[in-house]
Trainee: 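Here you go, one structure.
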Amino acid sequence: MADREILPLLLTGTDDAWNRLRERAAGMSQDEYLWEPVADVWTLRREGDVWLAERDADEPDPAPVTTIAWRVWHIASECLASYIAPALGPWPLSVQGREWHHDVEPALDELAHAYVAFRERIVALGADGLWSPLGPAWGEWADSTWAALVVHAQDELAHHGAEIALLRDLYRQR
């Protein structure tokens, strides 16, 4: 197994998860994007001149239901962009932290931009770089490899993408 290339395999799984999400998000309306299916949902809230994703310092258990807008922010910013910046280059999005786009079109554009940046920077690592440790900035995961992070990113894309798809299905049937 050591003599086989792992990068193409990792990219295939990641691309598959991304393509499913991209296809399921196509044509999303503004109402769908912001739909709150239950009370006490995490979403985007206006604070001054910006929109911020709701987030507690400690992850509640169970986690709250979220809007599609919150999930798109989470995948693009909290996952893909934060996984690569700053270790593999500059922050790839026009917003940072909990700030996010209230409108669906720029949000989906930024999600796509985050995926492309993530993929390009992982490819730039090359097969050998995938086995490098993440490093001290990653705290308790410092000794984990970039390959392990790509597998984690696949999981984030797949499971949050499925949640977005389900929320779209529920919105349509409401």
Trainee: Run the side-chain contact (heavy atoms from CB on, under 4.5 Å) test against T66 and tell me which residues pass, sequence neighbours left out.
Mentor: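 Applying side-chain contact (heavy atoms from CB on, under 4.5 Å) to T66 gives W42, W70, R71.
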
Trainee: Closest heavy-atom contact between G161 and L21?
Mentor: CA-CD1, 3.8 Å

Trainee: Any donor-acceptor pair under 3.5 Å linking the side chain of Q154 with the backbone of A17?
Mentor: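 No, because the side chain of Q154 does not come within donor-acceptor range (under 3.5 Å) of the backbone of A17.
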
Trainee: Does the Lys NZ or Arg CZ of R168 fall within the cation-pi geometry relative to Y171 - under 6.0 Å from the ring centre and within 45° of the axis?
Mentor: no

Trainee: Would you please name every residue forming a side-chain contact (heavy atoms from CB on, under 4.5 Å) with E99, sequence neighbours left out?
Mentor: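 Residues passing side-chain contact (heavy atoms from CB on, under 4.5 Å) with E99: V50, L52, V95.
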
Trainee: Side-chain contact, heavy-atom cut-off 4.5 Å: C79 with H74?
Mentor: yes

Trainee: Compare all side-chain heavy atoms of L34 with those of T67 and state whether any distance is below 4.5 angstrom.
Mentor: no

Trainee: Hey, could you give me the CG/OH distance between L88 and Y83, rounded to the nearest 0.5 Å?
Mentor: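 Output value for this atom pair is 13.5 Å.
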
Trainee: I'd like to know if I75 and V151 are part of one continuous hydrophobic network [Ile/Leu/Val/Met/Phe/Trp/Tyr, side-chain heavy atoms within less than 4.5 Å].
Mentor: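 Hydrophobic grouping puts V151 with I75.
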
Trainee: Please say yes or no: joined through hydrophobic side-chain contacts below 4.5 Å, possibly via intermediate residues, are W138 and W131 part of one cluster?
Mentor: yes

Trainee: State, to 0.1 Å, how close I84 and P92 come at their nearest heavy-atom pair, and which atoms those are.
Mentor: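 Taking every non-hydrogen atom into account, CD1-CG, 4.1 Å.
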
Trainee: May I ask you to decide whether D15 forms a salt bridge with R22, counting only side-chain N to carboxylate O separations under 4.0 Å?
Mentor: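 Not counted as a salt bridge, because no side-chain N and carboxylate O are separated by less than 4.0 Å.
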
Trainee: Where do L108 and A25 come nearest, in terms of heavy atoms and distance?
Mentor: CD1-O, 3.8 Å

Trainee: Counting only pairs under 3.5 Å, give me each side-chain donor-acceptor contact of residues 120-129, with atom names and distances, residues two or more places apart or in other chains.
Mentor:
unit_1	atom_1	unit_2	atom_2	d
R121	NH1	P90	O	2.7
R121	NH2	P90	O	3.0

Trainee: Got E59 and D61 here, is their nearest side-chain heavy-atom distance under 4.5 Å?
Mentor: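 No. Closest side-chain heavy atoms not under 4.5 Å.
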
Trainee: I'd like to check P64 versus D40 (side-chain heavy atoms, cut-off strictly below 4.5 Å). Are they in contact?
Mentor: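 No, every pair of side-chain atoms sits at 4.5 Å or beyond.
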
Trainee: Just how far is it from atom CD1 of I164 to atom OH of Y33, taken to the nearest 0.5 Å?
Mentor: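 Interatomic distance, I164 CD1 to Y33 OH, rounded to 0.5 Å: 9.5 Å.
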
Trainee: May I ask you to decide if L10's main-chain N or O and T14's side chain share a donor-acceptor pair within less than 3.5 Å?
Mentor: yes

Trainee: Which heavy atom of V72 sits nearest to which heavy atom of A107, and what is that distance?
Mentor: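 It is CG1-O, 3.9 Å.
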
Trainee: If we only count heavy atoms from C-beta on, is the E163 to V65 side-chain gap below 4.5 Å?
Mentor: no

Trainee: To the nearest 0.5 Å, what is the distance between CD on E110 and CH2 on W73?
Mentor: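 Between E110 CD and W73 CH2, I get 14.0 Å after rounding to 0.5 Å.
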
Trainee: With a 4.5 Å limit on heavy-atom distance, are the side chains of L93 and W100 in contact?
Mentor: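 Yes. Closest side-chain heavy atoms under 4.5 Å.
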
Trainee: Can you run down the ring-ring contact (aromatic ring centres under 6.0 Å, His included) pairs that involve residues 101-123, sequence neighbours left out, and say none if there aren't any?
Mentor: W18-Y115, W51-H102

Trainee: When rounded to the nearest 0.5 angstrom, what is the spacing between CG in D155 and NE2 in H160?
Mentor: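 Answer for the CG-NE2 pair, D155 versus H160, is 7.5 Å.
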
Trainee: Hey, does the side chain of R46 reach the backbone of G48 with a donor-acceptor pair shorter than 3.5 angstrom?
Mentor: yes

Trainee: Give me the atom names and distance for the closest heavy-atom approach of S77 to G97.
Mentor: OG-O, 3.6 Å

Trainee: H159: which residues meet the ring-ring contact (aromatic ring centres under 6.0 Å, His included) condition with it, sequence neighbours left out?
Mentor: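 Applying ring-ring contact (aromatic ring centres under 6.0 Å, His included) to H159 gives none.
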
Trainee: Can you establish whether the number of heavy atoms outside E105 located under 6.0 Å from its atom CD is more than 12?
Mentor: no

Trainee: With a 3.5 Å cut-off and sequence neighbours excluded, list the donor-acceptor pairs that the side chains of residues 140-148 form with protein atoms.
Mentor:
unit_1	atom_1	unit_2	atom_2	d
T145	OG1	A147	N	3.4
T145	OG1	A148	N	3.1

Trainee: Would R24 and E32 count as a salt bridge (charged side-chain N to carboxylate O under 4.0 Å, His left out) if you check the C-alpha gap in whole Å, the side-chain angles of each, and the deciding distance to 0.1 Å?
Mentor: CA-CA 12 Å; R24 284 305 307 264; E32 270 180 289; over 6 Å; no

Trainee: Is there a path of hydrophobic side-chain contacts, each under 4.5 Å between heavy atoms of I, L, V, M, F, W or Y residues, that connects I68 with L170?
Mentor: yes

Trainee: Hey, are the side chains of E156 and E78 touching, using non-hydrogen atoms and a 4.5 Å cut-off?
Mentor: no

Trainee: Looking at every heavy atom in both A158 and R20, which two are closest together, and how far apart are they?
Mentor: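 Closest heavy-atom pair between A158 and R20: CB-NH2, 4.4 Å.
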
